[in-house]
Amino acid sequence: MPRHTRVLSVSLSASLSLALLGACTTSQGGDDAAPATGQPGVGTGTVIGGTPKRGGTLTVLSNQDFAHLDPARNWVMPTMDFGTRLLYRTLTTFRAAPGAPGSEIVPDLATDLGTSADGGRTWTFTLKAGLRYEDGTPIRSRDIKYNVERSFAPDLAGGPDYAQRYLADAEGYAGPLRGEHLDSISTPDDRTIVFSLRRPVAEFSSTVTLPTFSPVPESREKGVQYDLRPFSSGPYRVDSYARGKKMVLVRNPHWDAATDPVRKAYPDRIVVVQGLKGGQIDDRIIASAGADASAVEWSDLQPASIAKVLPRKDVKARLSAERTGCTDMLALNTSRPPFDNLKLRQAMQYAVDKQAQVTANGGPALNDIATGYLPPSLTGRHATEPVHTPSATGDLDKARKLLAEGGKPDGFDATITVSTGDKTRAEALQQSLSKAGVRLRIETVDPSVYYDTIGDTANSPDMAISGWCPDYPSGATFLPFVFDGRTIKAKGNQGNVSQFRDKAVERRMDEIAAMPDAADADAAWIELDTMIQRQSPAVPLLWERKPLLVGDNIAGAFGHASWTGQFDFAVIGLKDPSRSQG
């Protein structure tokens, strides 16, 4: 699954937020209940506003631009949702449904979930008949092959790298921009595509939900400029896009609903307004005046806005707070001092006040304290057994002892880079670490370039607030991406922000990946989580929810668990299209 980005505009009114969140409706519980924090949560799994009607303009209010819309580079979960639901289709996709049913994989461009041979080393997909791009030209299997090949190009870094991991004979391949192509992807005809893998991959039907496996015709190649104008195979096409300001989508007249049971494409137009302040977005959608009645917010509801939402029953009914299924972490840069020292990394496990992180991130109804790296969705719905067991507020005596054992009895100076929206959380870390003698300097960057910034390994900070979400329900989509040293890239280093390298961990990852039984592999990933915790490349911080508000004319809205709680843009629309504007 994609990586988790907590790059949202967040401000804090801590005590008020905590008091109000403690009074929220209780979570639905059941098998997917997150670990308890002692505070009731916000309900999930409901559809806001009933069934939409066709037509009108849906407005999306955002504090940020998209990091990447090029499907070879799009690996931010909410942006993957936006891209794959609206602009381009993939071989398979997630069902459009709230709660657990949304994790079901269904055919998209393909007629079925693919057929495997050679024990799972060869996978064949057949495209549906009648698929067309926005200009009416047919979608061909060679276009999917071409986009997969694009994902290898160094100039198009930052996207999902499953193709690099799984495809046979791909070592040293640098993409198709100079006319070179992969033999491990064959297209015997315009509707058939065959992938030859270096090892068995039982869950490859899930792998091809990623935007890497969407079509891009070679004739439309624009290199890095493709980000600005993806060529549509989905229900909408880009009408205009001024980066950081506004994007307008209109219908793709050649998208055929008969080939697409997932996307409903209710609105006639979708307008994304960017560069707004978080509090301004909240206030506009709470008021729901004019076009804002037909608007949804892209980034999280600010904690300070909770007091304006929960006391009002009509507004509270428009709040979604789906669990993200991700683990939020404090990544420690293990490639250089101070965190090439195991004792100093272990000291951070005890110096961090996780309860302060809960407070800074919206309160206990929207956050659980993470006890390990794997989220509960990958550990049988139970929290991982922690290796380090300080109280929720830390253990300063233990932290100081480890600092002394690591040769830093007086502490040390360190840097942390966070998105502008996470400055409050960084300040909470700065305060808690200072008590142990760690003097933290905070650097902030714009959310749209956050992962590009910390993914530049030569210039990466000592610490960063990072995280990961499984691309689909398998530990194979989590630990190898976050802690396999062989995945580290000089630029666009997306998962292993800690730059953690450990040969024993890598050998065990390979052993687990080769296991034919999924249940055995799941248990082995949980054991490996404990093994990696002992090396402390990151401090697990939070398991979050995503609070999002909609205008009172919105229908069909729910947070999709596979998209980290972002609204599923496949099925969202309006109650009354005549009320919309823009």
Side-chain angles (χ1 to χ4, degrees), residues 328-357 369-373 385-418 425-443 453-467 479 482-486 488 490 493 495-508 528-541:
D328 201 49
M329 297 172 255
L330 177 65
L332 309 176
N333 189 343
T334 66
S335 70
R336 63 168 191 251
F339 295 125
D340 58 350
N341 184 318
L342 174 59
K343 292 294 184 180
L344 300 185
R345 298 199 302 270
Q346 290 174 332
M348 296 303 98
Q349 304 284 353
Y350 296 92
V352 170
D353 182 342
K354 295 186 182 182
Q355 189 59 54
Q357 287 298 297
I369 290 174
T371 58
Y373 301 128
E385 188 67 27
V387 170
H388 309 94
T389 56
S391 71
T393 56
D395 185 336
L396 292 178
D397 289 339
K398 180 69 171 179
R400 294 187 186 108
K401 181 176 182 293
L402 287 164
L403 288 172
E405 292 174 2
K408 297 289 184 180
D410 298 323
F412 54 85
D413 297 321
T415 61
I416 185 170
T417 296
V418 296
R425 295 185 60 192
E427 290 170 343
L429 285 167
Q430 185 182 53
Q431 182 176 4
S432 64
L433 294 181
S434 69
K435 297 175 182 178
V438 177
R439 298 168 292 277
L440 196 59
R441 179 167 59 88
I442 299 170
E443 299 173 348
T453 301
I454 65 174
D456 179 356
T457 56
N459 300 295
S460 54
D462 299 322
M463 303 182 194
I465 293 179
S466 181
L479 293 179
V482 183
F483 298 120
D484 188 337
R486 296 165 293 187
I488 298 171
N493 185 46
N496 194 343
V497 177
S498 299
Q499 300 186 50
F500 176 67
R501 294 177 171 88
D502 186 283
K503 294 299 182 184
V505 168
E506 292 167 10
R507 283 194 299 271
R508 186 57 180 154
L528 182 60
D529 186 294
T530 299
M531 178 179 176
I532 298 173
Q533 282 190 61
R534 294 191 182 101
Q535 297 297 316
S536 295
V539 180
L541 296 177

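A donor-acceptor contact shorter than 3.5 Å links the side chain of Asn333 to the backbone of Pro461. Panel note: side chain Arg400, backbone Lys398; no donor-acceptor pair is recorded below 3.5 Å. Side-chain atoms of Arg486 come within 3.5 Å of backbone atoms of Glu506 as a donor-acceptor pair (strictly under, hydrogens ignored).
Taking CD of Gln349 as the reference point, atom CZ of Arg534 lies at 12.5 Å (rounded to 0.5 Å). Between atom OG of residue Ser536 and atom CG of residue Asn341 there is a gap of 11.0 Å, rounded to the nearest 0.5 Å. Going from atom CG of Asp484 over to atom CZ of Arg508 covers 14.0 Å, rounded to the nearest 0.5 Å. A distance of 12.0 Å separates OG of Ser432 from CD of Glu427, quoted to the nearest 0.5 Å. The CG atom of Asp397 sits 11.0 Å away from atom CG of Leu402, with the distance rounded to the nearest 0.5 Å. Atom CD1 of residue Ile488 and atom OG1 of residue Thr457 lie 8.0 Å apart, to the nearest 0.5 angstrom.
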#### Entry: Residue pair Asp328, Arg425: steps toward the salt bridge (charged side-chain N to carboxylate O under 4.0 Å, His left out) verdict
CA-CA 12 Å; Asp328 201 49; Arg425 295 185 60 192; 2.4 Å; yes
### Steps toward side-chain contact (heavy atoms from CB on, under 4.5 Å) verdict (Met463, Leu433)
CA-CA 12 Å; Met463 303 182 194; Leu433 294 181; 3.9 Å; yes
### Task
Show the numbers, then the answer: is there a side-chain contact (heavy atoms from CB on, under 4.5 Å) between Arg345 and Gln535?
CA-CA 8 Å; Arg345 298 199 302 270; Gln535 297 297 316; 3.9 Å; yes
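Just one residue in the list Leu330, Asn496, Val497, Val418 forms a side chain to side chain contact (heavy atoms under 4.5 Å, CB included) with Ser466, and that residue is Val497.
A pairwise comparison of heavy atoms in Ser434 and Gln431 identifies OG-O, 2.6 Å as the closest pair. Of all non-hydrogen atoms in Leu440 and Thr415, the two that sit nearest each other are CD1-C, 4.0 Å. Shortest non-hydrogen contact noted between Ala331 and Ala538 is CA-CB, 4.0 Å. Of all the heavy atoms in Ile369 and Ala392, the pair that sits closest is CD1-CB, 3.6 Å. Nearest heavy atom pair, residue Asp462 against residue Asp413, reads OD2-O, 4.4 Å. Considering all non-hydrogen atoms of both residues, Ala399 and Ala436 come closest at CB-CB, 4.3 Å.
The number of heavy atoms from other shown groups lying within 6.0 Å of CD (Glu443) is above 12. The neighbour count for Arg441 CZ, taken as heavy atoms of other residues, nucleotides or ligands under 6.0 Å away, does not exceed 12.
The aromatic rings of Phe483 and Tyr373 are tilted relative to each other, their planes meeting at an angle between 30° and 60°.
Using a 4.5 Å heavy-atom cutoff, the side chains of Lys354 and Val539 are in contact. The shortest side-chain heavy-atom distance between Arg501 and Thr334 does not fall under the 4.5 Å cut-off. Annotation: side chain of Met348 is in contact with side chain of Val438 (closest heavy-atom distance under 4.5 Å).
A side-chain donor from one of Gln499 and Ser460 sits under 3.5 Å from a side-chain acceptor of the other.
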In a table with atom names and distances, give each donor-acceptor pair under 3.5 Å that connects a side chain of residues 403-411 to protein atoms at least two apart or in another chain.
unit_1	atom_1	unit_2	atom_2	d
Glu405	OE1	Lys343	NZ	3.2
Glu405	OE2	Lys401	NZ	2.5

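In terms of the side chain to side chain contact (heavy atoms under 4.5 Å, CB included) criterion, residue partners of Val482 (sequence neighbours excluded) are, by chain and number, Met329, Trp468, Phe478.
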